[in-house]
Protein chains: 2
Amino acid sequence: MTASVARTDTSTSPRKRAGNGAALREDVDDIGLDALVGHAGYAVRRFQLWIFQDFIKTLGDVDIRPTQYSVLTVIGANPGLSQMAVAKRLGIERARLVHLLDSLEQRRLVKRIKSKTDRRSHALHLTAQGDTALAKFKRLAAAHERHVEEKIGKANREQLLQILACFT
Amino acid sequence: MTASVARTDTSTSPRKRAGNGAALREDVDDIGLDALVGHAGYAVRRFQLWIFQDFIKTLGDVDIRPTQYSVLTVIGANPGLSQMAVAKRLGIERARLVHLLDSLEQRRLVKRIKSKTDRRSHALHLTAQGDTALAKFKRLAAAHERHVEEKIGKANREQLLQILACFT
DNA sequence: TATTGTTATACTCTATAACTATA
DNA sequence: TATAGTTATAGAGTATAACAATA
């Protein structure tokens, strides 16, 4: 099943070429992806690299990364959640959420409040500061989302969200 | 811009509930994502987690991960590439590719051959063993791709590949 | 000077396992 | 006994910087 490849080795490209018989190909634009072209996972991985880089850059001034943003957003919309509930909802390991919350708590954006019904649990809340900060983060995230729209097109972005809705 | 939220707190769900006034919400199905719903990056991240997990599981018997597969495929389709060329084409750090190739070379799937035109470079080739192994990996990867198709639908998968083609 | 492959370091993320205090 | 939060560890993955050999 070696899949008729899109090698397109159009022999004499205008760029540098390891000319004299030695087996070294250097020309990046010339390199075919073969089977990778048909793999959704490959395209999705490359897209995610781009999208996360843009998110990190766009929210660079406020030093908020995608995972931190998702945690803040969910807590903001669902005050009083336990750490387990947040971890499960976002598909984050509970062990990792501990450190994420440590950092967010040190920055006074989130507070852990001991639950009275289950003394093992913490009820998570935004601080007042966290609430106003999140509003700003959301504006920046919306700007990032517009970058995505510019990159792939408004209609395509909508389509994408629809296709992937079952994973959220 | 607090975006009218899809909290849908339909009060009395059939599942357990922190009943008596204490501020603890536990019910995972009840938790709204708020602004995350509108973010392509969030959907893409969740999708990628699923897709990579399925890939790793489907190619578990042969112990090949997505990045290893992409490296083997590109070398197979473009024998003689330098490490820099592979790294650039796949968006991998050249420092990381060193370790990836160390592992693939130890498994006798790939060999580094000193270039005669540029003595700094290695020309990368599959071994005979690597070539037959890759054929098997491709069959398994095709099975994985069918899982994707089953999960999101044939038409949606095609759409996705088209939308994201500019990132490959 | 610049580039290729390499080594090293650090930080993020994922995946576990084990511990404690509760339930 | 099971669960919530925590701590610790190990392996990927990402991002750098620096070095030797070579261009």
Side-chain angles (χ1 to χ4, degrees), chain A residues 16 18 22 24-26 28 41 45-46 48-53 55-57 60 63-71 80-105 110-124, chain B residues 16 18-19 22 24-26 28 45-46 48-53 55-57 60 63-71 80-105 110-124:
Chain A
K16 95 176 152 174
L24 186 58
R25 299 189 60 250
E26 294 278 354
V28 176
R45 169 180 163 259
R46 298 301 299 251
Q48 213 211 303
L49 286 181
W50 184 91
I51 213 168
F52 267 47
Q53 274 164 13
F55 187 100
I56 291 166
K57 191 172 137 200
D63 191 27
I64 288 291
R65 299 170 62 83
T67 311
Q68 296 175 309
Y69 177 75
S70 70
V71 169
L81 286 180
S82 69
Q83 296 186 193
M84 272 303 293
V86 171
K88 275 186 196 157
R89 186 64 186 89
L90 292 175
I92 300 171
E93 284 297 318
R94 72 184 201 273
R96 198 186 150 220
L97 185 60
V98 172
H99 302 299
L100 285 166
L101 289 173
D102 286 349
S103 147
L104 294 173
E105 207 170 25
V110 166
K111 53 178 181 280
R112 291 185 246 223
I113 298 175
K114 285 184 182 169
S115 165
K116 283 161 189 169
T117 48
D118 184 342
R119 287 159 63 204
R120 295 170 302 181
S121 301
H122 296 153
L124 300 173
Chain B
K16 97 178 149 172
L24 187 58
R25 299 187 60 248
E26 295 277 356
V28 176
R45 169 179 163 260
R46 297 301 300 251
Q48 214 212 301
L49 287 181
W50 183 90
I51 213 169
F52 267 48
Q53 274 163 14
F55 187 100
I56 291 166
K57 192 172 134 199
D63 190 28
I64 288 290
R65 299 171 63 82
T67 311
Q68 295 175 312
Y69 177 75
S70 70
V71 169
L81 286 181
S82 70
Q83 296 185 192
M84 271 305 292
V86 171
K88 275 187 197 157
R89 185 62 187 90
L90 292 175
I92 301 171
E93 284 298 318
R94 73 183 200 273
R96 199 187 151 221
L97 186 60
V98 171
H99 301 298
L100 285 166
L101 288 173
D102 285 349
S103 147
L104 294 173
E105 207 169 24
V110 166
K111 52 178 182 280
R112 290 186 248 224
I113 298 175
K114 285 185 184 168
S115 166
K116 283 161 187 170
T117 47
D118 183 342
R119 288 160 62 203
R120 294 170 303 180
S121 301
H122 296 153
L124 300 173

Consider the side chain of M84(B), meaning its heavy atoms from C-beta on, and name the nucleotide among dG5(D), dT16(C), dT4(C) that approaches it most closely. dT4(C)

Just checking L100(A): base, sugar-phosphate only, or nothing, at a heavy-atom cut-off of under 4.0 Å? nothing

Of the candidates dT3(D), dC13(C), dT4(C), the side chain of R94(B) sits closest to dT4(C)

Can you tell which of dG5(C), dT14(C), dT6(D) lies closest to the side chain of R112(A)? dT6(D)

Whichever of R45(A) and L97(A) has its nearest DNA chain D nucleotide further upstream toward 5': L97(A)

Would you indicate whether the side-chain heavy atoms of T67(A) and R96(A) approach each other to under 4.5 Å? yes

Derivation and outcome, side chain to side chain contact (heavy atoms under 4.5 Å, CB included), residues V86(A) and L101(A): CA-CA 11 Å; V86(A) 171; L101(A) 289 173; over 6 Å; no

Would you kindly give the CG-to-P distance between L49(A) and dT12(C), to the nearest whole Å? 17 Å

Donor-acceptor contact below 3.5 Å, side chain Q83(B) vs main chain V98(B): no

Can you measure D63(A) atom CG to dT12(C) atom C1' for me and round it to whole angstrom units? 13 Å

Taking NE2 from H99(A) and P from dG5(D), how many angstroms apart are they, rounded to a whole number? 14 Å

On the side chain of R119(B), is there an atom forming a donor-acceptor pair with the base of dT22(D) - under 3.5 Å, no angle test? no

So, is T67(B) near the phosphate of dG13(D), with a side-chain N or O under 4.0 Å from OP1 or OP2? yes

Hey, does Q83(A) reach any base, or is it just sugar-phosphate, or nothing, if we go heavy atoms under 4.0 Å? sugar-phosphate

When you measure from the side-chain N and O atoms of R65(A) to the phosphate of dT14(D), is any distance below 4.0 Å, counting only OP1 and OP2? no

Whichever of F52(A) and E93(A) has the more 5' nearest nucleotide on DNA chain C, that residue is F52(A)

Given side chains that start at C-beta, do those of L124(A) and R112(A) come closer than 4.5 Å, heavy atoms only? yes

Kindly indicate whether the side chain of R96(A) and the base of dT14(C) share any N or O donor-acceptor pair separated by less than 3.5 Å? no

Separation of K114(B) atom NZ from dA20(D) atom C1', in whole Å? 13 Å

To the nearest Å, give me how far apart CD (Q48(A)) and P (dC13(C)) are. 11 Å

Do H99(B) and D102(B) make a side-chain contact, defined as non-hydrogen atoms from C-beta onward lying under 4.5 Å apart? yes

Distance check needed: dA15(D) C1' versus Q53(A) CD, whole Å only. 11 Å

From C-beta outward on V98(B), which listed nucleotide comes closest to its side chain: dG5(C), dT14(C), dG5(D)? dG5(C)

dC19(C) phosphate, OP1 or OP2: any side-chain N/O from R120(A) under 4.0 angstrom? no

Taking R46(A) for the side chain and L90(B) for the main chain, is one N or O donor matched with an acceptor at less than 3.5 Å? yes

CG of L101(B) versus C1' of dT7(C): gap in Å, rounded? 15 Å

Looking only at side-chain atoms of D118(B), point me to the closest of dT16(C), dT22(D), dT16(D). dT22(D)

Length of the CG-C1' vector between D102(B) and dA8(C), whole Å: 14 Å

